[in-house]
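This report concerns only the one structure given below.
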Amino acid sequence: MLHLYNTLNRKKVEFVPLDEEHVRVYVCGPTVYDHIHVGNARPIIVFDVLYRLLQHLYPRVTYVRNITDIDDKIIVRAAERGEEIGALTERTIRQFHHDIEALGTLKPDIEPRATDHIHDMIKMINLLLIQGFAYSAEQHVLFHVPALQDYGRLSRRDRDDMVAGARVEVAPYKKDPADFVLWKPSMDDQVGWNSPWGRGRPGWHIECSAMSTKYLGPDFDIHGGGEDLIFPHHENEIAQSQCAHPDSSFAQWWLHNGYLRSEGKKMSKSLGNFYTVKELLGAGEREKMWRGESIRLMMLSTHYRQPLDFTKSGVDNAKKKLDRWYRALGDVDFEDGLSTTGIVEALCDDLNTPRAVAIMDALCGSVSVGRDGVLDAKRDLRAGASLLGLLQYSSESWFQGGSVSESREGGGDIESLIAQRLVARGDRDFDTADSIRQSLLDRGVVLEDKPDGTTVWRRIS
RNA sequence: GGCCGAGUGGCAGAGUGGCUAUGCACCGGAUUGCAAAUCCGUGUACAUCGGUUCGAUUCCGGUCUCGGCCUCCA
């Protein structure tokens, strides 16, 4: 039985989908003006695990994750670079897909882009105008917050307090200081679309309301995103959507992942202490493979609602753990089975991935010890890993997969050096044997002599 | 100022009203020509002050510290 923490009532309660046959999920995706950093990667990874779990539990799941490809940050960045907006967003989206693939994420079922849904947004804004929840002023269309009694339910904010604490000067055309923009005008040299209110572009929040409603209906199960989106983004989404469709209640469950810190400090551009996923992944396929899964495991080692301090040493730690798991798994080839361990149970407890990881460790231990049922333990290990989106490679490629530098120097002679060393050891010529070991080590290759007389190798970098 | 979250052993990080995970690191041992890997063993920690209780790290309250949000900024 799946239990999830719902931000709406700040409680962990049993998840009951609107339709047992079809679970529907929407997650806020990236604004594509720059490479994603680890802070962006967390919700991607966390909700990917949720997606995998839901697929395991329910016959059909539709997962929608949008791409925001029109936004003032994008406009500014494109102008700075003297680049077309479309070129910037396409390039960024390609890199985004490359990054998250390395992080082992499944593709969402639908990945709608804001610019493809301007018409849907205009329709929704019209619905709000007709019903009196919005008004137009000075070429803007604004949502009128006082028109909705229980505004602030998600973020638990009192409207009067918000107005009192506002730091930003209120635009003169707003009827109420809390009102927010649905549509705003574009200058002649700015990107814009024709609308009943003149040429302009959508406000920030409307795209998610329009696209989630379009693909999942006015009522759906889960809406996820980073904790920072609770206010104002998600609060305003709720307001818009519920008012546009008064008979529906929009998302039933609101899930939010916690913040990231970086190397013990607040992530900030001025400190320059945030890592992009791209730089962490490194250059070659091998680095990408190692780093991708290591970053993923590092993130899943902390519960998704807890704050997470992202450190490189934490990634190294995760790498070591993956080495251990891959070693236990070996190269045995078998069908994925259903996990009979507590991993599903742990994940059903509000995605308790740290507990799932601990169970993986225990399984790994029982494989290493070589108790009865080793094959079962391996199967469970594999099954658990696939729920977590880990151990997606073969052990051989994990340990021996070629690196860019290796292929450059054409190092296909590792096996023959090992054979030479085996001969030397047979002659008890340990000086020669050790010098071969050392020369391989200098190339980043570690040899392990097995009890049965064979020698295996793996790369350490 | 308002609202929200966090504070666990050297580190990371779960969890629980009493039996106190897990991993890494450290130390000791086994194994090994060396090494690597693996195995065995060793660690009663839960910010602080009160309260409730037979008993609290776990519940309640105060305090301290840290972090976040407070309208176009993920």
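Numbers restart at 1 for each chain; the letters A, B, ... are given by sequence-line order, proteins then strands.
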Select base, sugar-phosphate, or nothing to describe what [X] touches, counting heavy atoms under 4.0 Å on all strands.
X	value
A:Phe143	nothing
A:Arg421	base
A:Leu447	base
A:Lys266	sugar-phosphate
A:Glu235	nothing
A:Thr31	nothing

Look at the side chain of [X] and decide which nucleotide, out of [options], has an atom nearest to it.
X	options	value
A:Pro232	B:G7, B:G33, B:C73	B:C73
A:Lys174	B:G13, B:G2, B:C72	B:C72
A:Trp204	B:G15, B:C73, B:A37	B:C73
A:Arg327	B:G13, B:A37, B:C70	B:A37
A:Arg324	B:A36, B:G23, B:G68	B:G23
A:Ala178	B:A6, B:U71, B:G13	B:U71
A:Asn317	B:C70, B:G23, B:A36	B:G23
A:Arg428	B:C39, B:G33, B:C72	B:G33
A:Val446	B:C69, B:U71, B:A36	B:A36
A:Asp434	B:G33, B:C24, B:G68	B:G33

Taking [M] as the reference, what is the distance to [N] when you measure between their [atom1] atoms (whole Å, please)?
N	M	atom1	answer
B:C49	B:A56	C1'	15 Å
B:U38	B:G23	P	12 Å
B:A37	B:A6	C1'	39 Å
B:U22	B:G13	C1'	8 Å
B:U63	B:A21	P	33 Å
B:G10	B:A25	C1'	7 Å
B:C19	B:U58	P	13 Å
B:A14	B:U57	C1'	13 Å

[X] [atom1] to [N] [atom2]: how many Å, rounded?
X	N	atom1	atom2	value
A:His303	B:G7	NE2	P	12 Å
A:Gln306	B:U8	CD	P	10 Å
A:His234	B:C4	NE2	P	19 Å
A:Arg305	B:G13	CZ	P	15 Å
A:Asp309	B:G68	CG	P	13 Å
A:Arg261	B:C11	CZ	P	16 Å
A:Met299	B:A14	CE	C1'	19 Å
A:Asp361	B:G23	CG	C1'	5 Å

key: Upstream residue (5' side of RNA chain B) when A:Val357 and A:Phe430 are each assigned their closest nucleotide   =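 The residue closer to the strand's 5' end, by nearest nucleotide, is A:Val357.
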
ask   = Nearest nucleotide by nearest heavy atom, which residue falls closer to the 5' end of RNA chain B, A:Lys321 or A:Tyr259?
value = A:Lys321

Checking only heavy atoms, does the side chain of [X] share a donor-acceptor pair with the base of [N] at less than 3.5 Å?
X	N	value
A:Arg425	B:G33	yes
A:Asp449	B:C34	yes
A:Arg437	B:G33	no

Lys/Arg N to Asp/Glu carboxylate O, [X] vs [Y], below 4.0 Å:
X	Y	value
A:Asp449	A:Arg421	yes
A:Lys450	A:Glu448	yes
A:Asp316	A:Arg291	yes
A:Glu293	A:Arg296	no

ask   = With side chains defined as the heavy atoms from C-beta onward, is the minimum distance between A:Tyr63 and A:Leu106 less than 4.5 Å?
value =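 The answer is no; the side chains never approach within 4.5 Å.
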
request  = Assert yes or no for the condition that the ring centre distance of A:His117 to A:Tyr215 is strictly below 6.0 Å.
outcome  =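 They qualify: ring centres under 6.0 Å apart.
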
inquiry  = Does A:Cys28 form a side chain to side chain contact (heavy atoms under 4.5 Å, CB included) with A:Glu237? I'd like the steps, not just the answer.
reply    = CA-CA 11 Å; A:Cys28 291; A:Glu237 270 189 62; 4.0 Å; yes

Give every pair of a protein N or O atom and an N or O atom of nucleotides 25-32 of chain B that lie under 3.5 Å apart, one pair per line with the distance.
| from | atom 1 | to | atom 2 | distance (Å) |
| --- | --- | --- | --- | --- |
| B:A25 | OP1 | A:Lys320 | NZ | 3.4 |

Watson-Crick or G-U wobble mate for [N], both contacts under 3.5 Å:
N	result
B:C39	B:G29
B:C66	B:G5
B:U52	none

inquiry  = Using the ring pair (Phe, Tyr, Trp, His ring centres under 6.0 Å) definition, which of the options A:Tyr135, A:Tyr173, A:Trp183, A:Phe180 pairs with A:His140?
reply    = A:Tyr173

request  = Compare side-chain N and O positions of A:Thr302 against OP1 and OP2 of B:G13 and report whether any pair is under 4.0 Å apart.
outcome  = yes

Member of A:Ile93, A:Thr89, A:Ile70, A:Val32 meeting the side-chain contact (heavy atoms from CB on, under 4.5 Å) criterion with A:Arg113 = A:Ile93

task = For residues A:Val191 and A:Ser186, report the shortest heavy-atom separation together with the two atoms involved.
result = O-OG, 2.7 Å

request  = Search all heavy atoms of A:Arg42 against all heavy atoms of A:Tyr259 and return the closest pair with its distance.
outcome  = NH2-O, 3.1 Å

